[in-house]
Visitor: 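Here it is: the structure, laid out below.
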Amino acid sequence: MDKKIYIYNTLSLSKELFKPIDEDRVLMYVCGITAYDLSHIGHARAYITFDIIYRYLMRLGYNVIYVRNFTDIDDKIIKKANDENSTVEKISSKYIGEYHKDMDALYVLKPAYEPKATETISEMINLASGLIRKGNAYEINGDVFFRVSSFKGYGKLSHKNIDELIAGSRIPVNEEKENFLDFALWKKSKEGEPSWDSPWGKGRPGWHIECSAMSMKFLGESIDIHGGGSDLIFPHHENEIAQSESYTGRNFVNYWIHNGFVNINSEKMSKSLKNFITIRDVLDKFHPEALRLFFMFTHYRSFIDFSFEGVESAKQSLLRLYQAVNLYGEFKKLIGENRITLKKEDFSAKAENIENYTNDFYNSLSDDFNTAKALSVIFDLVRRTNKMINDSIAQSSINSEDALFLDSAAAFIKESLTGIFGLLNENPKRFIESNSADIAADGGGEDSISGEEIKKLIDERNEFRKNKDYGSADVIRKLLLEKGVVLEDTGFGTTYKFTGTKRQ
RNA sequence: GGCGGCAUAGCCAAGCGGUAAGGCAGAGGUCUGCAAAACCUCUAUACCUCGGUUCAAUUCCGAGUGCCGCCUCCA
């Protein structure tokens, strides 16, 4: 497999050939959540994006060391703890637990390390002390600030000019700081706040310092990939670069990857706008894989407009994928029962080559993780295999080349969708049964008739059908439909479902 | 005010110098006693507008219009 991949680097605003520091190893750090509330779909997009990047790099054979942190000490957590008469520790551990539940539900793989800021305090103090020693930071009454003017690369990630930032500033300048751009590495604690001893008295860490400390602790001074939502570019990541590179004198990160935002009605989702949707809100109504697929249909760097209709559309697509896997299973069964004969001597003039598809698929993902394009390759393949299978069922035979192609196609679809995209984790039959398209209709439903009654009527109807008394059979079909029950005659017997909106 | 992004069929969305992937929805068909489900086929004289460069532009350049984001905590 060709390992040559291109990644869009926020630092250069262009795609670059990816070259890890160590040939076979990738050091990756992704900014995690501040644990003070349920995670929203913006978090879901970010962590699903990096989950796919993680899975794909591993698929290419890299040993990926993935670190994703938790911010468990911060103003918002303190406020929540005060509001709820609780403690910072209780609040943060509660929401870290909820976050893990969400990530597990979404099939997001666990990183190798999930450090918490509060477990890295001494490393942060060391960093801040070192920066003061080097003249990159200064202390004022127990607060420690980073001196932005001491780092000449400031603004290289967000492509901002320091002078313009100052000129455009509408932020009231903190009188204590030398410069309004200077940011806190360490904050003096107020009464009743959690605090740690430091050379500057009791206090707690500033936000930006934690990621530098945790990244260095687990991955070293220079790493390959650092990622997060595009809102983190400034000031968070810009500040991380400033403090890390000032401290080590080395390049902090080679590739900066940022995912686009989730919007609601074309506007940024945010708490102040009250257009906030949690991961739970979506999983109440849809299968987690539908959400994953919804995100994958759009390139990770574009903003994405969230809507339940969009997830519904993705769910239908997901169903198509499951149907294809199921159809292949049925086909193999027919082969096993000799109901389709394998014609060994037959060779088709233009045998399909699975590599045409796999190459397109890998090339798409290697071009800045273009999941939308890679998916189109999968759907093309699905159409091709569906047709091949249906044709062979119709003819009760298949030539050995096509059969071989089907086997490799099925294996490829399964391994790429499950292994790289984190889809098709369910048993196909069960998924299809519980997700069949709903019939929109008013009235009826589970309250109007019992399962026993329905089964009795189905038996009666099938008796009529056996005797070819279709008129009476249809009377029962109609009767049940009025009660909101739809009958479906399948090869395995008659099944039923309720009309109205069923939620999966 | 400064910086940046986006504008492709009914909807979503790839592509980005050589004449428009894919998904959803819709329409036809196969199958079925009828139906449903499934599957197959079809569905953009051309990619916001106006100029320019080019043999050739949706794709590059310029101007304009519209939407959005960052410059403050935020995935």
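To find a chain, count down the sequence lines: A is the first, B the second, and so on, and within it residues start at 1.
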Visitor: Tell me whether the side-chain N/O atoms of A:R383 come closer than 4.0 Å to OP1 or OP2 in B:U41.
Guide: yes

Visitor: Return the 5'-most residue of the pair A:T298, A:L327 with respect to RNA chain B, ranking by each residue's nearest nucleotide.
Guide: A:T298

Visitor: Now, which nucleotide makes the Watson-Crick or G-U wobble pair with B:U54, with each of the two distances under 3.5 Å?
Guide: none

Visitor: Would you kindly say whether A:D469 and A:S472 are connected by a side-chain donor-acceptor distance under 3.5 Å?
Guide: yes

Visitor: Measure CG/A:D474 against P/B:U32 and give the value in whole Å, please.
Guide: 17 Å

Visitor: Can a side-chain donor-acceptor contact be found between A:N399 and A:D402 if the only test is distance below 3.5 angstrom?
Guide: yes

Visitor: Where the side chain of A:R320 is concerned, which of B:C40, B:A75, B:A35 is the nearest nucleotide?
Guide: B:C40

Visitor: Tell me whether the side-chain N or O atoms of A:H40 pair up with the base of B:A75 as donor and acceptor below 3.5 Å, since no angle test is needed here.
Guide: yes

Visitor: Pick the P atom in B:A57 and in B:A14, then give their distance to the nearest Å.
Guide: 25 Å

Visitor: To the nearest Å, give me how far apart CG (A:D305) and C1' (B:C68) are.
Guide: 10 Å

Visitor: Is there a Watson-Crick or G-U wobble partner for B:C6 with both distances under 3.5 Å, and if so, which one is it?
Guide: B:G66

Visitor: Suppose we define a pair by two distances each less than 3.5 Å, Watson-Crick or G-U wobble; what does B:G1 pair with here?
Guide: B:C71

Visitor: Please report the distance separating the P of B:G69 from the corresponding atom of B:G29, rounded so that it comes out in whole Å.
Guide: 47 Å

Visitor: For A:D51, is there an ion pair with A:R292 - N to carboxylate O distance below 4.0 angstrom?
Guide: yes

Visitor: Is there a side-chain polar atom (N or O) of A:N263 under 4.0 Å from OP1 or OP2 of B:C68?
Guide: no

Visitor: Any donor-acceptor pair under 3.5 Å joining the side chain of A:R45 to the base of B:A75?
Guide: no

Visitor: Report which part of the nucleic acid A:G229 touches: base, sugar-phosphate, or nothing (heavy-atom distance under 4.0 Å, all strands).
Guide: sugar-phosphate

Visitor: Can you tell me the pairing partner of B:U32 across any strand shown, Watson-Crick or G-U wobble, with both distances under 3.5 angstrom?
Guide: none

Visitor: Would you say whether A:F379 stacks on B:G22? The test is a distance between ring centres of less than 5.5 Å and an angle between planes of less than 30°.
Guide: no

Visitor: Between B:A14, B:C68, B:A75, which nucleotide has the shortest distance from any of its atoms to the side chain of A:N259?
Guide: B:A75

Visitor: With a 3.5 Å cut-off and no angle check, do the side chains of A:D72 and A:Y95 form a donor-acceptor pair?
Guide: no

Visitor: Once you apply a heavy-atom cut-off of 4.0 Å, does A:V30 come out as touching a base, just sugar-phosphate, or nothing?
Guide: nothing

Visitor: Give A:Y47 one of three labels, base, sugar-phosphate or nothing, depending on what nucleic acid heavy atoms sit under 4.0 Å from its own.
Guide: sugar-phosphate

Visitor: Would you classify A:G227 as touching base, sugar-phosphate or nothing, given that sugar-phosphate means primed atoms plus P, OP1 and OP2, and contacts are heavy atoms under 4.0 Å?
Guide: nothing

Visitor: For B:G33, does the base pair up with any side-chain atom of A:R461 as donor and acceptor (N or O, under 3.5 Å, distance only)?
Guide: yes

Visitor: What's the closest nucleotide to the side chain of A:E267 if the choices are B:C67, B:G69, B:U41?
Guide: B:G69

Visitor: Which part of the nucleic acid, if any, lies within reach of A:G310 when heavy atoms closer than 4.0 Å are counted: base, sugar-phosphate only, or nothing?
Guide: nothing

Visitor: Using the side-chain heavy atoms of A:R465, tell me which of these nucleotides is nearest: B:G33, B:U72, B:A21.
Guide: B:G33

Visitor: Whole Å only: how far is the CD atom of A:E238 from the P atom of B:C70?
Guide: 16 Å

Visitor: Rounded to the nearest Å, what distance is computed from the CZ atom of residue A:R301 to the P atom of nucleotide B:G5?
Guide: 11 Å

Visitor: Should B:G17 form a Watson-Crick or G-U wobble pair with both distances under 3.5 Å, which nucleotide is its partner?
Guide: none

Visitor: Which part of the nucleic acid, if any, lies within contact of A:D380, taking any heavy atom under 4.0 Å across all strands shown: a base, the sugar-phosphate backbone alone, or nothing?
Guide: sugar-phosphate

Visitor: What's A:L487 touching, base or sugar-phosphate or nothing? Going by heavy atoms closer than 4.0 Å.
Guide: base

Visitor: Measure from the side chain of A:K268, starting at C-beta and using heavy atoms only, and say which of B:G69, B:G15, B:U72 lies closest.
Guide: B:G69

Visitor: Scan A:N326 against the nucleic acid and name what it touches under 4.0 Å (heavy atoms): base, sugar-phosphate only, or nothing.
Guide: nothing

Visitor: Answer with base, sugar-phosphate or nothing: what part of the nucleic acid does A:Y470 contact at a heavy-atom distance below 4.0 Å?
Guide: base

Visitor: Atom CZ of A:F276 to atom P of B:C73: distance rounded to whole Å?
Guide: 17 Å

Visitor: Using a cut-off of less than 4.0 Å, is there contact between a side-chain N or O of A:N386 and OP1 or OP2 of B:A38?
Guide: no

Visitor: Between atom CD in A:E330 and atom C1' in B:C39, what is the gap in whole Å?
Guide: 13 Å

Visitor: Is the closest side-chain donor-acceptor distance between A:D407 and A:Y328 under 3.5 Å?
Guide: yes

Visitor: Identify the nucleotide, in any strand shown, that forms a Watson-Crick or G-U wobble pair with B:C47, with both distances under 3.5 Å; if there is none, say none.
Guide: none

Visitor: Sort out the partner of B:C11 for me: Watson-Crick or G-U wobble, both distances under 3.5 Å, none otherwise.
Guide: B:G23

Visitor: Of the listed nucleotides (B:A14, B:C71, B:A75), which one gets closest to any side-chain atom of A:K160?
Guide: B:C71

Visitor: Does a side-chain N or O of A:S302 approach OP1 or OP2 of B:A14 to a distance below 4.0 Å, or not?
Guide: yes

Visitor: Looking at A:D360 and A:K373, is any side-chain nitrogen of the basic one under 4.0 Å from a carboxylate oxygen of the acidic one?
Guide: no

Visitor: Side chain of A:K76 only, heavy atoms from C-beta on: which candidate in B:C73, B:G22, B:A75 is closest?
Guide: B:C73

Visitor: Check whether the side chain of A:N161 and the base of B:G2 form a donor-acceptor pair under 3.5 Å.
Guide: no

Visitor: Please figure out whether A:F294 or A:H208 has its closest RNA chain B nucleotide nearer the 5' end.
Guide: A:F294

Visitor: Can A:R383 and A:N386 be counted as having a side-chain donor-acceptor contact under 3.5 angstrom?
Guide: no

Visitor: Sticking with atom P, work out how far B:U65 lies from B:G28, rounded to a whole angstrom.
Guide: 45 Å

Visitor: Looking at the side chain of A:M269, which of B:A75, B:G33, B:C40 is the nearest nucleotide?
Guide: B:A75

Visitor: What I want to check is whether the side chains of A:Y99 and A:E114 have a donor and an acceptor closer together than 3.5 Å.
Guide: no

Visitor: Taking the basic N atoms (NZ, or NE/NH1/NH2) and the acidic carboxylate oxygens, is any pair closer than 4.0 Å for A:K76 and A:D37?
Guide: no

Visitor: Expressed in angstrom and rounded to an integer, what is the separation of A:L232 atom CG from B:U72 atom P?
Guide: 15 Å

Visitor: Heavy atoms, side chains only, cut-off 4.5 Å: are A:F306 and A:V311 in contact?
Guide: yes

Visitor: Which nucleotide in the set B:G33, B:U72, B:A75 lies at the smallest distance from any side-chain heavy atom of A:P235?
Guide: B:U72

Visitor: Take atom CG of A:L319 and atom P of B:C39, then tell me their distance rounded to the nearest Å.
Guide: 8 Å

